[in-house]
Amino acid sequence: MSKKNSYNLVVVLGPTASGKTTLATKLASKIQGEIISADSRQVYRNMDLGTGKDLEDYIVDGVQIPYHLIDIVDAGYKYNVYEYQTDFFRAFEDIKSRNHFPVMCGGTGMYIEAVLSHFKMVHVPSNPELRKSLEGKSLGELTQILSSFKTLHNKTDVDTVKRAVRGIEIETYYKDNPEIEVELPELNPLIIGVKIDRDLRREKITKRLKSRLDEGMIDEVKSILKSGVHPDDLIYYGLEYKYLTLYAIGKLSYQEMFDQLNIAIHQFAKRQMTWFRKMERSGFDIHWMEATDSYDHRINEILKMLS
RNA sequence: GGUACCAUAGCUCAGUAGGUAGAGCAAUGGACUGAAAAUCCAUGUGUCCCUGGUUCGAUCCCAGGUGGUACCA
């Protein structure tokens, strides 16, 4: 086996509704693979229809394909990139130790890149002294302080006092401990991107939304709310959970919910593609494959690249 | 059939006291290192329904069409 082809990971990425899970599981069944999901919402238990878990896809020809990082935390929890990176490499080593082949599959660009680019992320303990010194400061002042550490690209970082303080805590820790290095396993990934024509993608998204609503997605949201998750937290998860919660609490009519959600999913798919294009520009070699080509054809192509 | 009102961007609509036009939404491109399905930035879009008239000049005024809505019959 040549050095160039000694891949130790396959990545299947693509926008929502491109059929990447099916491709990944079918591939996994051929190479003794196990799936490591790269989906920031499928980590949550009981959020099934709205995140498109499709767990039946993980049974190929009657055989269960093992999967990781799905259903690992409770709905309402705030999982994050740092935890993802840690969890990913744990699953990766675990799969390796069994002599199976890791197949990463998902559409959360930042999670994929945090892993492939070895984003520097270390465990940051809480800093009671710092917290004490920040006590009583306004959100505006905290925003000032955080922006002295890094460019703020979004408001999510300074949405609440709690998050702003944690952000400052993390940045302070990095600054005070520049020597800390994290040892992460070398990755030599074969990256497959599922490409889907824009119009077809929109058509599939709308169709899938309708069928999920028919399958009881509204009840799923209602029961999560009933279990005690605060509507605001569910709204923060975005897309299905945002618009269905707004509908469930009477802020949107059914038609408004449907139309706005449909548009929001289309916009999300576009943003995913923007991320993948940026990855390519920054040097990642993504092998794009047409979603309309047969699975057999595409899997043969991938197997050729792996051999 | 009669009367009134309307016809402008992909959609909903504003506007031009006559000098060829603009908001919101959508769309498109981009950013993104501890909630990322989040959050944020940028950018267009036009036979101003058709035909004629008045005018230096009409999307705007006038006449006639066509289509729509409402009311009356």
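Just so you know, these numbers come straight off a predicted model, no measurement behind them. No hydrogens, no waters, no symmetry mates; every other heavy atom, side chains included, goes into these values. A note on names: the letters A, B, ... follow the listed sequences, proteins ahead of strands, and every chain is numbered from 1.
Here B/rC32 sits opposite no nucleotide as a Watson-Crick or G-U wobble pair (both hydrogen-bonding atom distances under 3.5 Å).
Here the separation of B/rA14 from B/rU28, taken at their P atoms, is 28 Å to the nearest Å. Here the separation of B/rG34 from B/rC41, taken at their C1' atoms, is 23 Å to the nearest Å. Using P as the reference atom, B/rC49 and B/rU39 are 39 Å apart when rounded to the nearest Å. The gap from the C1' atom of B/rU55 to that of B/rC61 amounts to 10 Å, rounded to the nearest Å. Using C1' as the reference atom, B/rG52 and B/rU16 are 23 Å apart when rounded to the nearest Å. When the P atom is compared between B/rG19 and B/rA73, the two are found 43 Å apart, to the nearest whole Å.
Side-chain atoms of A/Trp275 lie closest to B/rA36 of the nucleotides B/rA36, B/rA37, B/rU39.
Between A/Arg281 and B/rA31, a side-chain N or O to OP1/OP2 separation shorter than 4.0 Å is present. The side chain of A/Arg271 places no N or O atom within less than 4.0 Å of a non-bridging phosphate oxygen (OP1 or OP2) of B/rA31. The phosphate of B/rG34 (OP1 or OP2) has no side-chain N or O of A/Gln85 nearer than 4.0 angstrom. Phosphate proximity of B/rA37 to A/Ser40: present, with a side-chain N or O under 4.0 Å from OP1 or OP2.
Ring centers of A/Tyr237 and A/Tyr44: under 6.0 Å apart, within the cut-off.
Side-chain contact check for A/Tyr77 and A/Glu83: at least one donor-acceptor pair (N or O, by modelled atom type) lies under 3.5 Å.
Under 3.5 Å, the side chain of A/Tyr174 and the base of B/rG34 form at least one donor-acceptor pair of N or O atoms. At a cut-off of 3.5 angstrom, the base of B/rG30 holds no donor-acceptor pair with the side chain of A/Lys278.
Base engagement by A/Thr51 is indicated by at least one non-hydrogen atom pair under 4.0 Å involving a base atom. If you check every strand for non-hydrogen atoms under 4.0 Å, A/Tyr111 touches sugar and phosphate atoms only.
What separates CE of A/Met273 from C1' of B/rC32 is a distance of 17 Å, to the nearest Å. Per the geometry, NZ belonging to A/Lys270 stands 16 Å off C1' belonging to B/rA38, to the nearest Å.
By the 6.0 Å and 45° rule, A/Lys96 stacks over the aromatic ring of A/Phe101.
Between A/Ala264 and A/Tyr82, the residue anchored closer to the 5' end of RNA chain B is A/Tyr82, taking for each the nucleotide with the nearest heavy atom.
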